Amino acid sequence: MTTEQSDATGDRADSDPAAATGETASGAKPKATKRRKAPKKDVPAGGASSDGTGTDGEAGTDSRIGGKAGKAGTDGKAGTDGKAGKDGKTAGDGKAGTDGRAATDKSATDKGATGSRAEAGRAGADGKGGEKPADPWTAFGPAPDPVLTRPRRVVRAVGRFLVHEWTLAAVAALALAVLMTWPTLRYPRYTLPQDYWDPSLQAWQMAWSGHILLTDPAQLWTSNTFFPEPWSFAFSDTLLGYAPAGMIGVGPGDALLRYNIMFVLAHALATFGAYALARQLGAGRIGGAVAGVSYAYAPWLLAQAGHLHIISNGGIPLALAMLARGHGWSLRHGYRPRRRHAGWAFAGWLVAAWQLSLGFGIGLPFAYLLAGVVLVSALLWFVRRRRVKRPFGWRLFLADLLGGLVFAAVGAMLAVPYFKVAELHPNAARTLGEIQLYSPPASGFFTAPAESRIWGGLHEGARAVLPWHPEMTLLPGFVLYALAAGGLFFSVWRVRHRIFLLAGVLVTMALAMGTRFLDGRFTYVPLFEHLPGWNGLRTPGRMMLWTTLLLGLLAAGAVTAFCARVRELAAERVPAWPGPWLRLATLVPLLLVLVEGLNVTPHPVVPQQPAVLRTVDGPMLVLPSSQNLDQPVMLWSTDRFQPMVNGGSGFTPNAQAQAREATVSFPDFGSVDYLRKLGVKNVVVLRDRLGGTPWEGMLDRPVDGLGVTREEVGDAVVFRL
């Protein structure tokens, strides 16, 4: 059957007080908690009794109140008849039960009497069976209570913050990110993870957004690349949410450093966000760690190391955790109105808006998910409105209203440039043919990318049969599969919740297959044809992000139940020395998930910026030019951000394609005339990159009679038009 025991050592902060009363793995309470209820006239229900023996008949439930038998305050004499702990004669002058051990004395629990003076001296506030006799001189000169100075209060507050669960979780996520992405931070000003094509583009994106927001925010969407195209910053996902980082530093070196730091931080945020979500839903600490690590370091994500907008997914689970916390809801404990908090709900909406600003590649499905959650919640409230009174409250309602408006406004403002691009560049629209090209088969769910240290070499043959393996190797981890499968049968989640999680896994897998599952007629194609913006997503396999998160939650439920069972076994052992070894066994699932996430991602050195690009003015064209060759050129322009025809994105604008075609014969009359009409003033030819390109041999052509000057600058040649 299911395991419903809470993580007693890890769940006190986020679980119900009722969950800390010692429930077993099957949901039943241990026998030691059985006791007679105190008369209602003496012990108020739901509140603390006058002698500190517990609340609502819960004396004796945790060995701190009333001992194992739980008889303190149950026989009508000790603690309930107004004598125990009140008349100053029993249990050490009214202190019986204050430390939860006074009632463990045999004479106090078996006889039910208030106890003799000798017994009162033994059952005291020190909880060790022998209170020191009171100092008679304190009656003449009682010691004043210590008053903490402001520095000591500050030190105490800082100490509490440093040892808080969330502080430790954040520090652990950062340290783990540095180790798991190593050697990203070894030479952060010279290398990039995986390759220097798309990462160079994204390093430029952060630099451009920070630069233009400080200098001329109105020109944000008309970048210095793809000259003279408008809205060129919206030719691909923008990472606009990282603009504050882009305001620090200038030039390619700082751009690389910034990119590598954000790459590591993105992994840390993904780990922390998934951990926070699992904890909020009711998982224990180790179960939450398994969810966080499996979400951030799933093997399939290693193939996405060159796509920072995909790696930057930590805002998704973090926003969901905040929204669940703000609404007082968890998967394990259900809806708890007393735990509602409007501030957390509003913060969740802000984090969701920030996540959306990093790009629509993964942000668009997230936006539709939130819209679906709001719609379903509204329908459920309408159906149950007579049974659930005031499920929100005005503060929470306003927080949701304002937060939802902020999220919608951010989404709308970001969508406008993309709709403009779709209008001006029909060739930018995705087709079902492209979706078919990038749709992975079912075998992709069991195939790891080459960057996986554990499975990369073993799965080389499986990758060879995939049409486009960088987007089709979708293994989330065999350990994660096993833990999630175990979570279907042994878990702290209720059965219906496990079924919902399993259904989510299957649905997201079907969507990740694109047109490979039933030709997509009932899965991906309807979304592609009817949901605004969905036709801009050309790689269905990235829906695996949601599959990984749901598998992680299933695994967290199983690991939490396993940890609870281990604690039970450790407590029952005699002698107790095997207990620590059993507890160490709870770390095995976490270690296995970590090992499966190890990588061998290459970190190539980025080509050094040619000195000529620090002096030549724009508008200019750098030759040779192509999708991949232009991406480092964009990075090199971060010194001055000169307007340039060059640029790389998810599609090639017609004007750029024409410019490349017209300049194959450069320098000649036709190409020079075309570039002058386009507005180009300088053409920079990189001599060492000409080999094997259509522009090879162009430097041997004369410029006589063209009105063009030629200048050698290092390894480059500048043609001034």
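It should be emphasised that the depicted structure is a prediction, and the values quoted were computed from it without experimental measurement. Every heavy atom of this structure was used, including side-chain atoms; hydrogens, water molecules and symmetry mates were not.
Using cut-offs of 30° and 60° for the angle between ring planes, the W534 and Y368 rings count as tilted. Between F263 and Y259, the angle of the ring planes stays under 30°, which puts this pair in the parallel group of the 30/60° scheme. A tilted orientation is assigned to the rings of F446 and Y481, their planes being inclined by 30° to 60°. Using bins of under 30°, 30° to 60° and over 60° for the plane-to-plane angle, the ring pair F651/H425 lands in the tilted bin. Relative orientation of the H211 and F641 rings is parallel, given thresholds of 30° and 60° on the angle between their planes.
Between the side chains of S236 and S649, no donor N or O sits under 3.5 Å from an acceptor N or O. Judged purely by distance below 3.5 Å, without hydrogens or angles, the side chains of E229 and Q656 never pair a donor atom with an acceptor atom. Between S223 and W204, the side chains place no donor N or O within less than 3.5 Å of an acceptor N or O (distance only, hydrogens not considered). For the 3.5 Å distance criterion, the side chains of Q627 and W197 fail to qualify, holding no donor opposite an acceptor.
V684 is listed as a side-chain neighbour of L686, based on a closest heavy-atom distance under 4.5 Å.
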Going through the checks in order, is the side chain to side chain contact (heavy atoms under 4.5 Å, CB included) test met by F445 and M544? CA-CA 9 Å; F445 297 123; M544 196 65 188; 3.7 Å; yes
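Sorted by first and then second residue, the side-chain hydrogen bond (donor to acceptor under 3.5 Å, both in side chains) pairs involving residues 237-247 (not counting sequence neighbours) are Y242-S312.
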